[in-house]
2 protein chains.
Amino acid sequence: MLTIGDLSRRTGVKIPTIRYYEQMGLLAPPERSEGNQRRYTPEERDRLAFIKHARDLGLKIEAIRELIELSGHPNRQCVDADRIAAEQLQAVRDKINRLRRLERELARIATGCEGEQIKDCYVFRALASHDLCDDEH
Amino acid sequence: MLTIGDLSRRTGVKIPTIRYYEQMGLLAPPERSEGNQRRYTPEERDRLAFIKHARDLGLKIEAIRELIELSGHPNRQCVDADRIAAEQLQAVRDKINRLRRLERELARIATGCEGEQIKDCYVFRALASHDLCDDEH
DNA sequence: CATGTGACCTCAAGCTGCTGGAGGGTCAAG
DNA sequence: CTTGACCCTCCAGCAGCTTGAGGTCACATG
């Protein structure tokens, strides 16, 4: 049986976050000690690791809740799990594309400045209008 | 003189957001009509456009506040503005790199699933442990 | 057995950057 | 003068935590 502190150290999830996940219904309320402290089983540790992994991959709490719900029906087809992963992949790809556009513009802005005075600074001129941008946004 | 609605339409910033920026000190409290409604000058519209552009580029409110403060000292050197832009560029690049790793892993997870039953689904196996990952994260 | 200290408990508020609603006042056209 | 679009303030809510206050528990040491 693990205390919440043990669990935190082993999964890298902070203690308040563990309690938060419990409150959000991602983790079932665990057993308690005589003195009302949480005690976790190795299975619960695995589940938290699953949650953390999914969060690190950017899945929303709601999506994780869905996955957990699905995992309670091991004999159903897994199209839904597939869909969740694919949606997340698409979201990540979209985000990368948006960030790449930002990167281009920022690189231009940041290198356009050459230590002059603020009133002439390229950073300000670039931010003040879109005329200097390569594309719309 | 522009009403808040005009300003909103011209800049693409929603009305409550404009009021929020005022509250956060990014926009100075504008003049008011006899009936206490906000009236904006073209200069204030330019400033809001600047803020929006910076936000679109992902700059935090705090960074924008710093830039605005700097723009009040047009004769100082612009190294700080340069630094803010460079930091933001670095942050964006870091984010892109992290997302690319996610993309790789998600692509693998999403394509590893081939419509089997949940108990065998690759999505779950991949999320349950890091053993199937290509790199640490 | 007392005591110290570190880990734990609950509850509530705070964070960022908005967004939306309630309940009311204002403005300009007709 | 009325109508309807617009505006006002204040307050609550979103995600996903994080932090703090004020108190209890577990366990090692004296």
State whether [X] and [Y] are salt-bridged, where the test is any N-O pair (Lys NZ or Arg NE/NH1/NH2 against Asp/Glu carboxylate O) under 4.0 Å.
X	Y	value
B:E103	A:K95	no
A:R101	A:E105	no
A:K52	A:D56	yes
A:R38	A:E22	yes

For [Y], is there any backbone N or O sitting under 3.5 Å from a side-chain donor or acceptor partner on [X]?
X	Y	answer
B:S8	B:V13	yes
B:R10	B:L2	no
B:R93	B:N97	no
A:Q88	A:L57	yes
A:D6	A:T3	yes
B:R65	B:M24	yes
A:R100	A:R104	no

message: Under 4.0 Å, heavy atoms only, any strand: does B:R39 hit a base, just the sugar-phosphate, or nothing?
response: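 If one applies the 4.0 Å heavy-atom cut-off, B:R39 turns out to touch nothing in the nucleic acid.
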
- prompt: Counting any heavy atom closer than 4.0 Å, what does A:R9 reach on the DNA or RNA strands: base, sugar-phosphate only, or nothing?
  reply: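 No contact.
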
- prompt: So which of residues 87-100 of chain B are in contact with DNA chain C, with a heavy-atom cut-off of under 4.0 Å?
  reply: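 Heavy-atom cutoff 4.0 Å gives no residues at all.
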
query: Contact boundaries of DNA chain C with chain A (under 4.0 Å, heavy atoms), 5' to 3'?
result: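 The footprint of chain A covers C:dC8 to C:dT10.
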
Round to a whole Å and report the spacing from [atom1] of [X] to [atom2] of [N].
X	N	atom1	atom2	result
B:I18	D:dT9	CD1	P	13 Å
B:I4	D:dC7	CD1	C1'	8 Å
B:E22	D:dT9	CD	P	8 Å
B:L7	D:dC8	CG	C1'	16 Å

Contact list (N/O, under 3.5 angstrom) for nucleotides 10-16 of chain D vs protein:
none

- prompt: When the nearest nucleotide of DNA chain D is assigned to A:K14 and to A:N36 on a heavy-atom basis, which residue is associated with the more 5' position?
  reply: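 In this pair, the answer is A:K14.
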
- request: Look at the side-chain N and O atoms of B:S33 and state whether any lies under 4.0 Å from the OP1 or OP2 oxygen of D:dC7.
  value: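 No, no such contact exists.
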
